[in-house]
Each structure stands twice: as C-alpha cells, then as structure tokens.
Engineer: 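Below you will find the structure I want to go over with you.
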Amino acid sequence: MNKVKAYFKNHRAMSIGYILCFLLIVFVVVLNFTFFSNNSKAVYGDRLDGIEEVRITDNKLEQIESELNERDEVSSSDASTSGRILNVIITVNDDVSVETARSLTEVIDSAIDDDQRNYYDTQVFIKKNNDDASFPIIGYRHEDKTTYSWTKDR
C-alpha cells in the first residue's frame, strides 16, 4: 500500500491523467449505449408486426396498375409499397377534371382486401403532363378512415 501511495505521490499529474482518461472512456460508453442502443433493430422497429398476413403482393400491385390503366382517364400509373404505406402515382389525361381524378381512388380501394385496407395507409399522387393549376393533387387515406383527405385549393 505504501508503494502505491508513493507512486501516486511521485507521479501525481500522470495519475490524474489516467483517471480522467478512464472516466472519459466510461462516459463515452454510457453515452453510446444511451443514444445508440438500437443499432441492431430494424428501421421500422415493431411497426410492421403482422404485415405477413396482409402483405400486398407484386401481383396485387400489378393488378392495381392494370385496372387504373384500363380507365380512359389514365395515361399511366405506378403502385408500390413502403412499410405500411401503399403509394400510387397516377398520370391522367389533360382533359380530366379534379373530381374525376379523385374518383380513381375507388379503383384502388376495390382492388385490395378489407384487411389490407385496414392495415395500410394509402397515398395517391395524381398529376398531368401539362401545366394545369389544379394539378398535382395528393390524397391520403389513413388505415382507420374510409375517405381520403385531399390537398387544399386544388
């Protein structure tokens, strides 16, 4: 014990430096676990639990696209999923009104099952190829709702 005291007494500055470095390392480790403890978890965490039972398959997405493309008002469409969101981008012909464009969501809703409709949020982006002040319009339906909310002033 006397040797340890003598060492610390003779090397006081270096001993304080070692103790400060040790405390700094402990502090950094504690901060790392506090702020970055979820590094190994998925990006969505547990928000996608149960998606396997109601997954919207690629065939279903292609069906949505083909049913939209069969409509005379539609020039092209694209459907995809991202997590719990169904994204549909629709390009309509230049002579289509806003109300007619909004009614295209019925095609999307009829193409998916009730379970899928109650699990996925749906985003619909409707645009035209020309410069129309009324377009683009965006519609969003939350999984709990039955109607779409639309962009204002369009």
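The basis for the numbers below is simple: all heavy atoms, side chains too, and nothing from hydrogens, waters or symmetry mates. The residues of the chain are indexed from 1 along the displayed sequence.
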Engineer: Quick one: is the NZ or CZ of R102 closer than 6.0 Å to the six-membered ring centre of Y148, and within 45° of its axis?
Structural biologist: no
Engineer: Just wondering, do V98 and W150 contact through their side chains at under 4.5 Å, heavy atoms?
Structural biologist: no
Engineer: I'd like to know if K127 and D132 make a salt bridge, using a cut-off of under 4.0 Å between side-chain N and carboxylate O.
Structural biologist: no
Engineer: Is any side-chain heavy atom of V124 closer than 4.5 Å to one of I137?
Structural biologist: no
Engineer: Whether the side chain of S82 engages the backbone of I85 through a donor-acceptor N/O pair (distance < 3.5 Å, no angle test) should be reported.
Structural biologist: no
Engineer: Using the rule that two of Ile, Leu, Val, Met, Phe, Trp, Tyr join whenever any of their side-chain heavy atoms come within less than 4.5 Å, decide whether I56 and F125 are in one cluster.
Structural biologist: no
Engineer: Starting from F22, can I reach M14 by hopping between I/L/V/M/F/W/Y residues whose side chains sit under 4.5 Å apart?
Structural biologist: no
Engineer: Is there a donor-acceptor pair closer than 3.5 Å between any side-chain N or O of R141 and the backbone N or O of S149?
Structural biologist: no
Engineer: N129 vs T91, test: side-chain contact (heavy atoms from CB on, under 4.5 Å). Steps then yes/no.
Structural biologist: CA-CA 7 Å; N129 287 328; T91 304; 3.5 Å; yes
Engineer: Please evaluate residues I138 and Q123 with respect to the criterion side-chain contact (heavy atoms from CB on, under 4.5 Å), reporting the C-alpha separation (whole Å), side-chain torsions for both, the decisive distance (0.1 Å), and the verdict.
Structural biologist: CA-CA 7 Å; I138 302 170; Q123 289 185 124; 5.7 Å; no
Engineer: Count the heavy atoms belonging to other residues, nucleotides or ligands that lie under 6.0 Å from CG of N130, then report whether that count exceeds 12.
Structural biologist: yes
Engineer: Using the side chain to side chain donor-acceptor pair (under 3.5 Å) rule, pick out the option among D121, T151, T122 that qualifies with Y140.
Structural biologist: D121
Engineer: State plainly whether one hydrophobic cluster holds both I89 and L104, where clusters connect Ile, Leu, Val, Met, Phe, Trp and Tyr through side-chain heavy atoms under 4.5 angstrom apart.
Structural biologist: no
Engineer: Tell me yes or no: between the side chains of N118 and E143, is some donor less than 3.5 Å from an acceptor?
Structural biologist: no
Engineer: Using a distance-only test with no angle check, is there a side-chain donor-acceptor pair under 3.5 angstrom linking S97 and T100?
Structural biologist: yes
Engineer: If Ile, Leu, Val, Met, Phe, Trp and Tyr residues are connected whenever their side-chain heavy atoms lie under 4.5 Å apart, and connections chain through other members, are V74 and V107 in the same group?
Structural biologist: yes
